[in-house]
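Computed from a predicted structure; not experimentally measured. Sequence positions, counted from 1, serve as the residue numbers for this chain.
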Amino acid sequence: MRYQQIILDVDDTLLDTEATVHDSLVQLFKSHGWEISDEFEKEFHAYNQGLWRRLEKGELTLNQLYEIMFPDIIKKYCGVEVDGMETADEFHSYFHTGHKLLPGAKDTLRYAKRLGYSLAVLSNGEQFGQEHRLELAGIRHYFDLVVTSQEAGVQKPNAEIFDYFFARSGYSPNQTVFFGDGLSSDIMGAENYGFASIWFNHRHRQKTLPVHPLFEVDNYAQFQRILKKDFAPTALR
C-alpha cells in the first residue's frame, strides 16, 4: 500500500456537525424558554465558524472561544444576559451526545480496516466529548489512536499538534494521509507538516487557500474508490 495510516477529522468529516449544532441549539433554547429562529441559527453559524478560524490562528484559546460563544448573540436575539462559560457548558452537554454519521462514513472505516490501514483521529476539540461521540456512533473501535487539541494543548493546523500526534503514532508522516473537511486545519496543516491529504469537500466550499491535496472528494464512495485503487492519480477517472 502507498500509505499505512489514515488520519481522520471528526466534526463534519465523520459526524454531521451541522445537524448536531442545530439539535443542540434547539435543546438549549427550549431549556430556557427562548424562541429560536432561522436568522439566529444563520448568524450563529457564521459567528461560530469565525471563532474557530481565530482558534486555528492562535488568536483564541478553547476556553476563550467558549466564553464569548454565546453572550452577545443571545442578548441580541433574546434580550437576556447569560454567563458565557455556563451557557457553553450547557450547549456542549447536548453537543457531546450528537453522533449522526455522515453518509458512508462507517462503511468506509470498515472497508479501510479490511484493506489493512491503521486509522486514527486528530480533532480540534475536547478529548472526552469527541471520544464519547465516536462511541455513541459505534465507530470508536475502528481507531488505534484518538488525539484532540485539548489533550495536545495546541490546535490544528499548528505543527506542534502533529509533533504530538506522531510521537504517539506508530507511523511516520510519509506513511500517512489525512482525510478531512477543514481546508485550513486539516489540509493546510498536513501540507505544511509535509504529508499527504484528501480534502473532503462535501459542503462544496470555495478553495480559498493555496493548498494541494492529492484529491478533492465530496462523498465517501469516492474515497473508497481511491482506497481501492491505492491512491492512483487516475482513481476518480
Side-chain angles (χ1 to χ4, degrees), residues 1-15 101-125 127 130-131 133-135 137-202 209 211-237:
M1 296 188 299
R2 182 175 176 184
Y3 302 103
Q4 283 74 51
Q5 176 177 240
I6 303 171
I7 306 174
L8 296 101
D9 182 38
V10 174
D11 283 301
D12 241 18
T13 295
L14 291 166
L15 302 181
L101 287 161
L102 286 168
K106 192 170 187 177
D107 287 344
T108 302
L109 297 177
R110 188 184 299 116
Y111 180 63
K113 292 297 282 188
R114 191 163 69 243
L115 291 176
Y117 288 97
S118 175
L119 303 179
V121 158
L122 184 56
S123 168
N124 282 347
Q127 191 73 25
Q130 299 298 58
E131 295 233 32
R133 295 169 70 210
L134 295 175
E135 290 280 4
I139 60 172
R140 173 61 182 88
H141 64 284
Y142 289 111
F143 298 102
D144 302 312
L145 178 63
V146 175
V147 172
T148 65
S149 58
Q150 183 187 47
E151 178 190 341
V154 63
Q155 293 79 32
K156 299 178 294 183
N158 294 291
E160 289 85 354
I161 196 169
F162 295 103
D163 289 338
Y164 185 94
F165 176 89
F166 283 108
R168 286 153 181 79
S169 168
Y171 300 90
S172 66
N174 63 11
Q175 295 175 302
T176 302
V177 63
F178 201 122
F179 182 80
D181 72 294
L183 192 61
S184 171
S185 56
D186 301 331
I187 308 309
M188 185 175 72
E191 185 166 316
N192 287 348
Y193 202 78
F195 67 103
S197 67
I198 296 174
W199 185 24
F200 184 33
N201 189 20
H202 62 108
L209 294 171
V211 292
H212 309 86
L214 293 175
F215 298 93
E216 177 183 333
V217 302
D218 63 12
N219 60 70
Y220 270 99
Q222 291 176 318
F223 187 28
Q224 288 194 33
R225 286 167 59 191
I226 293 167
L227 295 176
K228 183 178 181 180
K229 297 187 178 181
D230 197 21
F231 294 85
T234 58
L236 296 180
R237 296 177 191 169

* To do: Tell me, please, which residues at least two apart from Arg2 pass salt bridge (charged side-chain N to carboxylate O under 4.0 Å, His left out).
  =>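 Testing Arg2 for salt bridge (charged side-chain N to carboxylate O under 4.0 Å, His left out), a comparison that skips the adjacent residues, returns none.
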* **Those residues that, when tested against Glu151, pass salt bridge (charged side-chain N to carboxylate O under 4.0 Å, His left out) (two or more places apart)** =>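 Expected list: none.
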Check: [X] side chain, [Y] main-chain N or O, donor-acceptor pair, under 3.5 Å:
X: Glu191; Y: His212; value: yes
X: Lys106; Y: Leu101; value: no
X: Gln175; Y: Gly170; value: no
X: Trp199; Y: Val217; value: no
X: Asn124; Y: Ser149; value: no
X: Thr108; Y: Gln224; value: no

How close do [X] and [Y] get, counting heavy atoms only, and between which atoms?
X: Arg133; Y: Asp11; value: NH1-OD1, 2.8 Å
X: Gln127; Y: Glu131; value: NE2-OE2, 2.8 Å
X: Ala190; Y: Ala196; value: CB-O, 4.2 Å
X: Phe165; Y: Ala120; value: CZ-CB, 3.6 Å
X: Gly189; Y: Pro157; value: CA-CB, 3.6 Å
X: Phe166; Y: Ile7; value: CZ-CD1, 4.3 Å

Rounded to the nearest 0.5 Å, what separates atom [atom1] in [X] from atom [atom2] in [Y]?
X: Thr148; Y: Tyr164; atom1: OG1; atom2: OH; result: 8.0 Å
X: Leu115; Y: Leu227; atom1: CG; atom2: CG; result: 6.5 Å
X: Asn192; Y: Asn158; atom1: CG; atom2: CG; result: 10.0 Å
X: Leu236; Y: Ile226; atom1: CG; atom2: CD1; result: 4.5 Å
X: Asn219; Y: His202; atom1: CG; atom2: NE2; result: 10.5 Å
X: Leu102; Y: Asp12; atom1: CG; atom2: CG; result: 6.0 Å

* To do: Would you sort out whether Thr234 and Lys229 count as a side-chain contact (heavy atoms from CB on, under 4.5 Å), showing the intermediate values?
  => CA-CA 8 Å; Thr234 58; Lys229 297 187 178 181; 5.6 Å; no
Flag side-chain contact, heavy atom, 4.5 Å: [X] against [Y]:
X: Ile6; Y: Phe223; answer: yes
X: Leu134; Y: Tyr142; answer: no
X: Tyr220; Y: Leu14; answer: yes
X: Gln155; Y: Ile161; answer: no

Do [X] and [Y] get their side chains close enough for a donor-acceptor pair, meaning under 3.5 Å?
X: Glu216; Y: Asn201; answer: yes
X: Ser118; Y: Gln5; answer: no
X: Gln130; Y: Ser123; answer: yes

* Determine, for Arg168 against Asp144, whether the closest basic-nitrogen to carboxylate-oxygen distance falls under 4.0 angstrom. =>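 No, Arg168 and Asp144 are not salt-bridged.
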* **With Phe178, the side-chain contact (heavy atoms from CB on, under 4.5 Å) member among Leu214, Leu8, Thr13, Asp9** => Asp9
* **Worked verdict on Ile198 versus Gln222 for side-chain contact (heavy atoms from CB on, under 4.5 Å)** => CA-CA 11 Å; Ile198 296 174; Gln222 291 176 318; over 6 Å; no
* To do: Could you check Met188 against Leu183 for side-chain contact (heavy atoms from CB on, under 4.5 Å), going step by step and ending with a plain yes or no?
  => CA-CA 6 Å; Met188 185 175 72; Leu183 192 61; over 6 Å; no
* Do Tyr3 and Tyr117 make the cut of ring centroids closer than 6.0 angstrom? ->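 No, ring centres 6.0 Å or more apart.
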* Cation-pi check, Arg140 onto Phe143 ring (under 6.0 Å, within 45° of axis) -> no
* Could you go step by step and tell me if Val146 and Val10 meet the side-chain contact (heavy atoms from CB on, under 4.5 Å) rule? -> CA-CA 10 Å; Val146 175; Val10 174; over 6 Å; no
